[in-house]
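Chain naming here is simple, since letters A, B, ... match the order of the sequence lines and numbering starts at 1 in each.
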Protein chains: 2
Amino acid sequence: MAANRPTIKDVAALAGVSKSLVSLAMRGSDRVSAESRAAIIEAATQLSYRPNAAARSLADRRSHTLGVIVLDLLNPIYAEIIDGVQGEVRQHGYHTMLVTGNDNPIIEQSEVEKLLEFQVEGLVLIGHRMPAGSLDAIEGDCPAVVISRAERGIAGLDSISNDDVLGARMAVDHLVSLGHQSIAHVTGGINEVAMLRKFGYEQSMTDHGLADQIACYEGAFTDEGGYRGAAVALDSNRRHTALFVANDIAAVGALAAVADRGLNVPTDISIVGYDGMALAGLRSLSISTIAQPLARIGAEAASLLFLRIGDPTRPPAHIGVEPRLIVRNSSGPCHT
Amino acid sequence: MAANRPTIKDVAALAGVSKSLVSLAMRGSDRVSAESRAAIIEAATQLSYRPNAAARSLADRRSHTLGVIVLDLLNPIYAEIIDGVQGEVRQHGYHTMLVTGNDNPIIEQSEVEKLLEFQVEGLVLIGHRMPAGSLDAIEGDCPAVVISRAERGIAGLDSISNDDVLGARMAVDHLVSLGHQSIAHVTGGINEVAMLRKFGYEQSMTDHGLADQIACYEGAFTDEGGYRGAAVALDSNRRHTALFVANDIAAVGALAAVADRGLNVPTDISIVGYDGMALAGLRSLSISTIAQPLARIGAEAASLLFLRIGDPTRPPAHIGVEPRLIVRNSSGPCHT
DNA sequence: CGAAAGTGTTGGAACGTTCCAACAAATCGT
DNA sequence: ACGATTTGTTGGAACGTTCCAACACTTTCG
């Protein structure tokens with residue numbers, strides 16, 4: 001561990017120039033003579049000089065850093081979104097500060113606070129839990145974009161999400177095209193996204209003249225929730241031939257419920273999930289699903305943020321991305 | 001968006017005291033009179049003042065921030081480790097800067113560089129890919145701890161990992177206790193962790209007098225790799241009754257290979273994985289596994305780092321944590 | 001050939017904090 | 001009652017950068 005970290009002054013002294021010139025050179029200005037530049041680079045590497053980001057961001061009044069707060073790292077779909085964000089951010093030469101809310105609004109709030117103290121230039125919220133009031137407060141302070149939660153209500157924030165209603169309709173359309181009629185829905189609980197998916201399901205069923213076949217079973221966005229909902233569906237006296245489950249994780253649970261009853265997927269019953277998490281594609285699961293373009297959502301969120309940073313007065317935008325059907329082995333023709 | 005962010009001076013002016021006193025008060029010093037404190041708090045909230053972390057860390061020469069670099073966010077076990085790190089870090093009142101290497105040594109290197117520019121006080125490396133040389137360089141600059149890669153070779157770094165040899169032995173012991181003898185191993189490819197697990201497998205087989213039953217099939221730490229390895233194992237003319245697969249993701253692939261052959265788990269063949277990722281516990285998979293205490297590994301890594309920050313001269317430590325057997329539905333008694 | 005325009009380079013003033021020595025006022029001990 | 005301590009408070013100097021106005025020197029050109 002060397003004594004004290006070398007500063008720009010040390011480099012200047014060693015190279016025999018002024019600190020200002022070193023500053024210029026380090027940032028690759030073209031107003032530096034070739035000789036000076038060479039001497040400076042030489043000195044810098046010799047001292048293994050590393051600019052101090054704190055000092056820089058203080059002087060510059062820009063941190064070149066974006067804050068990303070994610071509801072919960074454990075859900076694999078968030079990880080995929082984050083990857084998208086990071087890629088885009090890197091391209092802009094920015095840096096990312098990533099924190100988790102641990103599914104806890106208090107922690108979430110305080111982490112956001114910390115990010116703001118670090119003078120992040122923008123905030124990406126991935127599936128937050130904050131009350132609208134806090135969001136408004138943030139918005140006054142710092143450009144922000146919200147992912148994966150419909151935020152039509154909140155005026156000032158950019159947001160991006162997939163079209164859950166459309167996606168749900170696609171799931172039903174797919175099952176209908178396979179000849180299914182008694183298509184049940186295992187819901188994702190009481191939250192906006194789940195509601196939209198349920199709504200899409202009902203809409204499409206009705207459009208196909210299957211309104212009388214509509215059947216919703218209460219579930220949740222978890223393995224456990226999917227299992228419960230599917231179990232009730234399967235044990236009912238209605239002979240459902242297909243299940244549209246509110247998300248992929250829940251679909252994994254539903255798969256287990258089917259297996260527990262000695263039934264086969266897709267011969268006895270078809271299953272379609274939602275989200276397109278990589279995991280659902282593993283061969284043991286091979287769940288048909290409505291995929292969100294997760295990485296693209298992350299990337300678009302980041303570029304939206306850069307747009308707003310560039311022009312804080314631009315009107316808030318909402319980007320909707322299209323979900324896409326991925327057919328795997330969990331859905332097949334209706335056999336009754 | 002308010003005009004300019006209020007600074008400590010603005011607060012001081014509004015409260016009618018000096019900036020020094022505000023600084024004291026904000027950090028909760030007890031040398032501030034009740035009146036002054038009240039006035040300051042009042043002023044601060046009124047202006048919605050937020051201290052500037054860049055300025056603070058410049059003056060303080062401490063960033064109160066730790067850097068965490070993870071190989072790849074997509075692997076769920078890393079997410080669980082990160083959660084552990086974050087929890088511990090939060091308890092110390094520190095902040096975390098999390099970046100990914102995207103499984104790319106170049107990016108990894110440059111991200112670490114950025115973290116160091118931010119004057120992080122320490123670094124947690126979760127499954128890095130850097131050559132030993134870069135690691136040495138880091139070590140000179142900044143306390144660091146390495147997770148989940150045995151680093152006995154590198155003298156100066158603290159590290160923490162589970163005992164892979166022991167874990168592999170536990171897996172075999174478990175299968176033997178269920179009456180299995182022809183226990184094959186699907187490997188994790190050519191890397192240190194995989195080698196250790198393979199070594200533990202061979203050791204335990206030998207100890208149980210089953211040296212002649214040892215059979216290794218080449219796989220990888222992926223779904224695909226597990227599928228391939230298991231497929232070869234199952235198609236061989238040796239009638240294996242159990243498979244120890246190098247990690248959980250690969251075990252998921254192995255499960256698919258078994259299903260493809262119309263065989264049943266665990267009646268026809270037992271499977272044990274390694275890692276203890278939450279996912280393996282989903283009811284559709286229910287894979288018996290050797291679990292690493294992932295969150296604890298993260299937490300211990302962080303506290304190790306705090307120890308070293310507190311005393312940079314302390315000798316480097318290696319902490320080994322014990323893996324634990326979790327029996328689920330993928331392993332059962334031998335029926336032949 | 002002298003003014004104008006360009007080329008490199010420089011010192012000093014920011015940026016928003018924390019730390020420190022200094023100090024005034026109140027309280028103490030003898 | 002008077003120096004010694006304690007209790008609050010203060011201005012100014014760091015911290016390591018970037019920015020800016022000002023500088024010498026060349027070069028250009030009418």
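- A donor-acceptor pair under 3.5 Å is formed between the side chain of A:Asn191 and the backbone N or O of A:Val193.
- The heavy-atom pair separating A:Ile40 from A:Ala25 by the smallest distance is CD1-CB, 3.7 Å.
- Counting to the nearest Å, the C1' atom of D:dT18 and the CZ atom of A:Arg56 are 9 Å from each other.
- Side-chain atoms of A:Ser63 come within 3.5 Å of backbone N or O of A:Gln119 as a donor-acceptor pair.
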Pull out every protein N or O sitting under 3.5 Å from an N or O of nucleotides 5-12 of chain C, one pair per line with the distance.
| from | atom 1 | to | atom 2 | distance (Å) |
| --- | --- | --- | --- | --- |
| C:dT9 | OP1 | A:Ser33 | OG | 3.2 |
| C:dT9 | OP1 | A:Ser36 | OG | 2.6 |
| C:dT9 | OP2 | A:Ser33 | N | 3.1 |
| C:dT9 | OP2 | A:Ser33 | OG | 3.2 |
| C:dT9 | OP2 | A:Ser36 | OG | 2.9 |
| C:dT10 | OP2 | A:Ser18 | N | 2.8 |
| C:dT10 | OP2 | A:Ser18 | OG | 3.0 |
| C:dG11 | N7 | A:Ser20 | OG | 3.0 |
| C:dG11 | O6 | A:Ser20 | OG | 2.7 |
| C:dG12 | N7 | A:Lys19 | NZ | 3.3 |
| C:dG12 | O6 | A:Lys19 | NZ | 2.8 |
| C:dG12 | O6 | A:Ser20 | OG | 3.4 |

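- The interatomic distance linking A:Arg62 (CZ) with C:dG16 (C1') rounds to 18 Å, in whole Å.
- Between the CD1 atom of A:Ile8 and the P atom of D:dC19 there is a distance of 11 Å, given to the nearest Å.
- Rounded to a whole Å, the CZ atom of A:Arg5 is 22 Å from the P atom of D:dA14.
- For the helix from C:dC1-D:dG30 to C:dT30-D:dA1, the angle separating the two terminal helix axes comes to 40°, with each axis derived from five pairs and the value rounded to 10°.
- A:His64 has its NE2 atom 15 Å from the P atom of D:dT17, to the nearest Å.
- To the nearest angstrom, P of D:dC15 lies 12 Å from CG of A:Asn52.
- Dashed line: the shortest gap from a side-chain N or O of A:Arg27 to OP1 or OP2 of D:dC19 is under 4.0 Å.
- Looking at B:Thr45, its side chain does come within 3.5 Å of a backbone N or O of B:Ile41 through a donor-acceptor pair.
- Note: CD (B:Gln119) to P (C:dT17) measures 18 Å, nearest angstrom.
- A distance-only check finds no donor-acceptor pair linking the side chain of A:Asp275 to the backbone of A:Met277 [under 3.5 Å].
- Proximity of a side-chain donor or acceptor of A:Arg308 to a complementary backbone N or O of A:Arg314 within less than 3.5 Å is detected.
- A donor-acceptor pair under 3.5 Å links the side-chain atoms of A:Ser303 to the main chain of A:Ala299, judged by distance alone.
- Between the C1' atom of D:dT17 and the CG atom of A:Asp10 lies a distance of 13 Å, rounded to the nearest Å.
- Of the possible donor and acceptor atoms, none in the side chain of B:Glu80 sits under 3.5 Å from a partner among the backbone N and O of B:Ala295.
- Across all non-hydrogen atoms, the minimal contact from B:Gly28 to B:Arg37 is C-NH2, 3.9 Å.
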